[in-house]
Each structure stands twice: as C-alpha cells, then as structure tokens.
Amino acid sequence: MFDGYDSCSEDTSSSSSTDESEEEVTPLPSSLPIIKNNGQVYTYPDGKSGMATCEMCGMVGVRDAFYSKTKRFCSVSCSRSYSSNSKKASILARLQGKPPTKKAKVLQKQPLVAKLAAYAQYQATVQNQSKTKTAPVPVDGFSWGNYINSNSFTAAPVNCFKHAPMGTCWGDISEGVRIEVLNTDCSLPTKVFWIAGIVKLAGYNALLRYEGFESDSNLDFWYNVCGADVHPVGWCATSGKPLVPPRSIQHKYTNWKAFLVKRLTGAKTLPPDFTQKVSESMQYPFKPSMRVEVVDKTHLCRTRVAIVDNVIGGRLRLVYEDSEDKTDDFWCHMYSPLIHPIGWSRSIGHRFKRTDIIKKQESHLDAPPHLFIKVKETESSGEWFKEGMKLEAIDPLNLSAICVATIRKVLADGYLMIGIDGSEAADGSDWFCFHASSPSIFPVGFCEINMIELTPPRGYAKLPFKWFDYLRETGSIAAPVKLFNKDVPNHGFHVAMKLEAVDLMEPRLVCVATVTRIIHRLLRIHFDGWEDEYDQWVDCESPDLYPVGWCQLTGYQLQPPASQTSRDNQSGSSKQKKKSKSQQYKGHKKMSSLQLKEELLDGEEYTFLQGASDQESNGSASHYIKQEP
C-alpha cells in the first residue's frame, strides 16, 4: 500500500565537495518539507532557510538537505559532475590556446543563471496559482462540483453505465479511497503531488481533501478521477516524483513520513493499472471514413448510408453519404440501435434509400459487422408477433409519451415496423423499426399497471381511453405479453440521481439531467431547467446516458441547466418551443404526410422483400407490476 515510503532510510546527513566555489545560493522565498524521489523525508526545522535549486540537475528541494557548505548540489554525484565538466572545459581551452568556449562560460555562470531562472519561475508560478482554481474548469460557467455541493445532489455511479469508460471496471472506488494527485497549494516551480482522500463521489468527479487537513474542508476541491494527474498511492515513489505537503499545512507536522505511514496503513487506493485501464476504455473501434447504415432522420421508415465523420467518447457524427455540403448529419452512440452494418436493410427487408448516384470513395470502408451491438436472437417457431397486433410504444417523435401503437410489418431477425395510432401517414412513411427485444415497446396494459399516462390515438373521442373498448372497436388483438422483453437488470439507478444525457430530439446535445421515475428498467429523464414536457423515457442501458463528468473526460461539450432567461431567449414563447420540440425526431421536424408521399414517389427509395420470422417466448402479465416512483 505504501511501497517506496515506509521502508526508506531516514538519514538526512549531507556531505561536502572540495571542488566547489564558495558562492552562496540565494534561497527562494518559500519553504516546504519534501519527500524526495528516494522516499526520504526532509523537514524544514526553522522556517528560515528556504529552498535551493541544484546547479547540475535543476532539482528543487529544501536547502538544508543539499550537499556542501554552499548547498549548491542535491547530491555528491551532481557536485562532482559539475566540477568535472567545468574543469575539462577550461583545461581544454588553455591547452588549445583559445579563449574559454561558450560551454565553459555557461558553466562558470551557471550558479547565477540557475538562481535567476528559478526565482523567475517561482514568481510566475505564484502569479498563475493566484488566477487558477483547483476545481475543474466550468463549461459556460457551469461546474458540476458547485452544482452538486450547493444542492446536496447525488450522482449515478459510473458502474451504472456499462458503455461508458471504466463502466465495467470501476471496482471499489468509493469514499475514503486515497490517491496521489497534483498539489495545487504549493509555490514550487515544478509539478509536485500530494495524497488526498475521496470525500464524495459524483460520477467520474470526486471531492478531494488533502491528507493533513483532517476535518477542515476549506481546501476541498473537485477533480476528475480519470484525469491525467491522478494516480494510485505509491506512483510518485516508483516514478521519481516528489510528494510535497500543501503550503497551508506544511508546518503542521515535523515528521510527514510517520504521519503518512499512520494515515495510509490499511487504506484503499486505486488499482496499479488504473491509468492503463482508463486509456484502454477510451479506445473506440469506429474510425472516421467508415460507412454504416443509419435511420433516415427525415423518413423514419427507412435507412441511409452515412460516413463516420468524427468520434468523441464513443459518440459518432455521421454525415449522410449523399449530403453534398457535408452538413446533413446525425449524432448517435456507436452502440445505438439506430446504426447497422452495410447490407443490414437488405438482409431483413427494411426500406433503404438508394445512393447509386454517389460514387463510393476509396477511403470509405464499410464498418465491420462485429463492431455493432448484437441483438437478442429470435427463434423461427412458435407464437410470434403478427401484423395488426396492438401494443404500447414510446413515440419516437415525442419521447416523453408512451402511445397506443400497432405492428404494421414483421421483418426478419426479430425486427418489427410499428406505427403510432392516430398519427400515421397513409403510406407508412413514419413507421419506426423496433426489435422484438427492444425495451421501448410494451404489452397492452403496461402503462395502466405502472401508473403511467398512456397517450391515446389522436382524435380518439371516447375518453378516458380503455384498451378493452378500443380492441373491440378496431377488431384487433393485443400482442402476447410473453413476447416482450421482461429482463430487468440490477442497474443501480435511483430517483433524483444526476447524470449527463443526450437530448434525443437534438442528439448532438448532451445535457445536465435527473432521473425522476423508474419503472422496472425504464427511466424517466428530466433535463434540468426545462419543463416536464421535454422529459424522455429511456432504457436503463441506453448508450445515450453518461456519468457526471463524462463530457469533461471525453472533451464533449456539456449543456448546462437552462435558466428562465435562456429558455425565453431560445423559444420566444413557451408554446412555440413545445410545438417545435414535439414535432422533431432526432433534431429535425416531422414532415407532413403530403411531403413524405411526394418524396417517396421521386424514385429514390425501394423496398426489399420482407423475411419471415417466428419465435416462441414465455412470460406473463404478472411481471409488469406497479412500481411507485
């Protein structure tokens, strides 16, 4: 646990070199105890001696710990190397009858140069530290740390997000874990570290407190645990980095080594390979120029070929292949059910927009099929979904609503084309493709049992809506309950947890959000600062949900909570904003039936023959029991 510190020598004696001049080193206007690279602890006894910089290797340390009377070198080897180099340069110059070389002059002037450089760097460091904060830089004035602290919020833990970096290997990282982190309460000109304990976790972000502050929280700060300057305890010893106590408490203990040994014995720290695991979990197999099939955002019933333009944190910016100016794009995660390998549409009988006029560039390669998320396999025998069966489904054009829906077409490999009753285009151009195992479709009665408001067909007069009456009036039957996905993982989410979530109506945006309801595996996501009408029903394993700090870790822009002023500025009026929001799918407005029909008749689309697929599945309605929010 404490390798590199608890077994080191405590000898702090110094030796002298007869080859040195007697020029004194002006101390820097600061002094700190330092745990040097070899683990020895050098304390500062009188508070007056100051710091010194080695004139040979440039190492900064307590002046009293340096060698010789003049305290110019950190070790005997540096002293001898300096003297040897200086003598060689001068002797060589005299033997050749030449004036001292530039190297010799530099070596002769090095004591003064070292002092001036060290002091200048010290002044610059002090000025920079007075301008910077220990907390992560806020995005557009928003800081997760301040937001969490000021409201006593709780964030969803990282292991709730299996698709996110470290989601499957977060381990036992929790409050009380000790880490070595950058020491920002220090006036030394070089980067130094100190040990801190995790006081509170919020996703990737941790509220840290330096060792030695006990119960004093004045210098607590937020830091991303997966950041570059976070390491397990012992890293400094093995990497040759100095551990320096914060300036605020440097005189609190005279024996920092003993203090650390006592504090860290039996404590937990990060795994030794933590940094490597973080790096590996942020490697994404999708690369720019790969070709995929993705849902057509203007025609829900079909797919189009798109090119991967950019990859950020596993999120893909896809540009439709037939986009002339490369601005017709679509954002989704690489594990999204909306993207597929080239040839997927043909294989299951799904509509597909031809791009024959587009010449495939040599640099564009089809993404390998193994990169895409695998869906549950279906069997070809037994009772299965049939055209005309009724069910309940999340409206892809209004993700805050679960609506009455109908199976319009059965495709191969377990895929279904589903339409929302009362708002379908006559030509089926707004049907949406769901897999039979999709967590976004539900059996008849799901909303009633779980106290969710079911959206009836548009224009349906007999309210309140009753499924029994509606099935009789339409002469239809409900899809068997046993065919639906009833798996509920132990996801770990709780109501009121904070997270970062994609606004699927504008999928390029990742926003500050809150879990407001949990129904089995279904989560109700609220976007902080916005009205409830913009909430979204999302599956607990959706790749569009991320831990707090994900945007900072991956470099993606986070949208802060909307203030009343910003909402008014963006929408002009509440009604206009609501109308625009409800009519959008994945960031684009839903087209009228007439517009869709005109485009479908322009010869750019064709339909492959559907395949047949049957499956027998077990299950009962008793699984869908009421769960209070």
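Just so you know, these numbers come straight off a predicted model, no measurement behind them. Here, residue 1 is the first one in the sequence, and each next residue gets the next number.
The backbone N or O of Ser429 lies less than 3.5 Å from a partner atom in the side chain of Asp427, making a donor-acceptor pair.
For Trp144, the side chain to side chain donor-acceptor pair (under 3.5 Å) partners two or more places apart in sequence, or in a different chain, are Glu500. Residues passing the side chain to side chain donor-acceptor pair (under 3.5 Å) test with Thr474, sequence neighbours excluded: Ser476. Residues passing the salt bridge (Lys or Arg N to Asp or Glu O under 4.0 Å) test with Asp535, sequence neighbours excluded: Arg524. With sequence neighbours left out, the salt bridge (Lys or Arg N to Asp or Glu O under 4.0 Å) criterion links Arg315 to no other residue. Shown here are the salt bridge (Lys or Arg N to Asp or Glu O under 4.0 Å) partners of Lys462, two or more places apart in sequence or in another chain: Glu473.
A pairwise comparison of heavy atoms in Gly313 and Trp550 identifies O-CZ2, 3.3 Å as the closest pair.
Screening residues 279-288 for side chain to side chain donor-acceptor pair (under 3.5 Å), with sequence neighbours left out, gives Gln276-Glu280.
Centroid-to-centroid, the aromatic rings of Tyr460 and Tyr470 come within less than 6.0 Å. Ring-centre distance between Phe385 and Tyr415: not below the 6.0 Å cut-off.
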- Going through the distances and angles, do Asp528 and Thr514 end up as a side chain to side chain donor-acceptor pair (under 3.5 Å)? CA-CA 7 Å; Asp528 291 18; Thr514 308; 2.7 Å; yes
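In this structure, Phe465 places its CZ atom where more than 12 heavy-atom neighbours from other residues, nucleotides or ligands lie under 6.0 Å away.
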